[in-house]
2 protein chains.
Amino acid sequence: MPSESAERILEAATRLFGERGYPSTSMRDIGEAVGLLAGSLYSHISSKEAVLLQIIETGLDRYLGALLPIVESDQPADERLRAAVKAHVELVASHVEESLVALHQWKFLGGENRQRIEAKRHAGSAAFARVLAECIESGVFKPVPSPDITISGILGTLNWVPEWYSPKGPATPEEIGEQLADLLLGGLLASPPADDGPKPRPKANSSKSR
Amino acid sequence: MPSESAERILEAATRLFGERGYPSTSMRDIGEAVGLLAGSLYSHISSKEAVLLQIIETGLDRYLGALLPIVESDQPADERLRAAVKAHVELVASHVEESLVALHQWKFLGGENRQRIEAKRHAGSAAFARVLAECIESGVFKPVPSPDITISGILGTLNWVPEWYSPKGPATPEEIGEQLADLLLGGLLASPPADDGPKPRPKANSSKSR
DNA sequence: CCTACCGATCGGTAGG
DNA sequence: CCTACCGATCGGTAGG
């Protein structure tokens with residue numbers, strides 16, 4: 001029972017923390033956004049850091065709740081990776097401000113809160129790493145010198161989405177997820193070695209330049 | 001003649017702004033790092049924001065100075081893109097703290113300072129967009145539904161590097177740049193459609209197809 | 001480069 | 001949920 005007032009405080013704080021960052025958002029800013037004085041906020045929340053923690057943890061739990069079932073399903077590994085990429089994009093695009101907070105403001109959590117959040121962040125990237133390893137083991141993916149670097153590269157593309165995505169833009173989260181999955185799985189080159197034969201996916205065209 | 005004291009202030013501020021962010025770094029923090037009191041800093045710098053501006057602009061100028069000659073060279077477009085990706089990675093990896101400041105703390109610049117920085121940031125991504133367009137026009141790259149999305153995806157991978165790279169890690173910036181270029185240009189799949197037969201393209205390095 | 005200080009603002013609380 | 005307030009800290013300055 002978050003009492004509605006508490007929910008409105010969380011929503012306002014999410015937007016303000018995402019826009020200006022945690023340290024430069026004052027309790028007076030949050031109060032103004034919800035029509036209360038700074039001191040009155042403490043009837044609904046226990047501290048500024050508790051608000052930050054709840055924003056981040058809510059977002060991370062929703063993210064892991066979507067990601068882990070995909071990664072642990074019984075589909076082929078490369079399809080699981082593609083689905084995970086798309087799910088990641090669609091989640092951060094539909095929660096841009098919350099994602100910005102979760103990705104950048106966790107540094108301002110104190111000791112134990114920060115450790116719990118870091119563990120959950122690690123669970124997400126570890127899930128990506130497992131499915132990548134299975135993709136390589138099965139021979140569907142090329143081996144790479146360092147799987148960790150590949151994972152960081154993929155997560156970079158995905159975690160950067162909240163920096164530029166706008167719901168007012170021309171592309172839907174689904175379209176963005178699809179195109180970024182194509183980029184990461186298929187690359188940009190038209191013909192790594194050669195290009196004809198059965199196409200697994202119906203994309204664009206092969207070799208008609210200009 | 002930045003007077004050495006000014007240089008030491010810039011260096012300390014780069015590290016502190018990168019670690020804690022601009023708003024939660026006080027002039028007293030910076031003073032402590034260089035062995036001065038907060039008030040004494042103002043003999044060497046004009047304001048806190050001027051320090052932030054100089055850190056960001058120095059980094060961006062170095063970045064554009066490395067990137068633009070590569071993008072505008074007369075090599076084939078796909079080789080220019082590969083070289084640009086590698087240069088980007090190597091620059092941010094060799095200036096991690098400065099890159100973190102340039103990528104995230106520019107939001108705290110006021111009106112006109114912020115506009116000038118945004119223009120320079122745009123110059124970098126526009127250069128990437130031009131070379132990507134040429135890669136597609138020449139037929140070396142597959143067409144994509146939205147080149148903007150592809151550029152944002154690439155820059156995400158590259159701009160995320162300062163979040164995880166450590167000079168104490170096992171991989172050198174060169175190795176990381178090479179592997180991320182392979183990821184973005186060649187993708188992860190071992191065989192997009194089919195993978196044998198004659199190579200239609202006489203590329204010097206491409207990927208050593210591990 | 002320090003002493004000494006300015007007004008403003010911070011997160012949070014007491015008491016109603 | 002407000003009034004009234006706490007001690008701490010902020011960026012920056014005057015004067016030497």
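Throughout, a chain's letter reflects where its sequence line sits, starting with A, and its residues are numbered from 1.
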> Once you round it to whole Å, what is the distance between C1' of C:dC10 and CD of A:Glu32?
15 Å

> Nearest-Å distance, OH (B:Tyr42) to P (C:dC6)?
18 Å

> Does C:dG15 pair with anything, Watson-Crick or G-U wobble, both distances under 3.5 Å, and if so, with which nucleotide?
D:dC2

> D:dG11, C:dC2, D:dC1: which one has an atom nearest the side-chain heavy atoms of A:Ser43?
D:dC1

> Out of curiosity, B:Leu103 CG to A:His104 NE2, how far, rounded to the nearest 0.5 Å?
9.5 Å

> Rounded to the nearest Å, what distance is computed from the CE atom of residue B:Met27 to the C1' atom of nucleotide C:dA8?
17 Å

> On the nucleotide C:dG12, are OP1 or OP2 found under 4.0 Å from the side-chain N or O atoms that A:Ser46 carries?
no

> Are any side-chain N or O atoms of B:Asp182 and backbone N or O atoms of B:Gln179, one a donor and one an acceptor, separated by less than 3.5 Å?
no

> Please tell me which of A:Ser40 and A:Asp29 maps to the more 5' nucleotide of DNA chain C, matching each residue to the nucleotide holding its nearest heavy atom.
A:Asp29

> Without decimals, in angstroms, what is the distance between B:Ile9 CD1 and D:dG11 P?
14 Å

> Between the side chain of A:Tyr22 and the main-chain N/O of A:Glu49, is any donor-acceptor distance below 3.5 Å?
yes

> Using whole Å, report how far CZ of B:Phe108 lies from P of D:dG11.
13 Å

> Below 4.0 angstrom from OP1 or OP2 of D:dC10, is there any side-chain N or O of B:Ser26?
yes

> So, does A:Arg28 use its side chain to make a donor-acceptor pair with the main chain of A:Ala38 at under 3.5 Å?
no

> Go through C:dC1, D:dC1, D:dT3 for me and flag the one nearest to the A:Leu36 side chain.
D:dC1

> How many whole angstroms separate atom NZ of A:Lys48 from atom P of C:dT9?
15 Å

> Are the side chain of A:Lys107 and the backbone of B:Gly21 linked by a donor-acceptor contact shorter than 3.5 Å?
no

> How long is the line joining CG of B:Leu37 and P of D:dG16, in whole Å?
19 Å

> Using the side-chain heavy atoms of A:Arg28, tell me which of these nucleotides is nearest: D:dC1, D:dG12, C:dG11.
C:dG11

> Rounded to whole Å, how long is the line connecting atom CG of A:Leu52 with atom P of C:dG11?
13 Å

> Consider the side chain of B:Ser47, meaning its heavy atoms from C-beta on, and name the nucleotide among D:dT3, D:dG12, D:dC1 that approaches it most closely.
D:dG12

> Reckon B:Ser24 touches a base, only the sugar-phosphate, or nothing at all at heavy-atom distances under 4.0 Å?
nothing

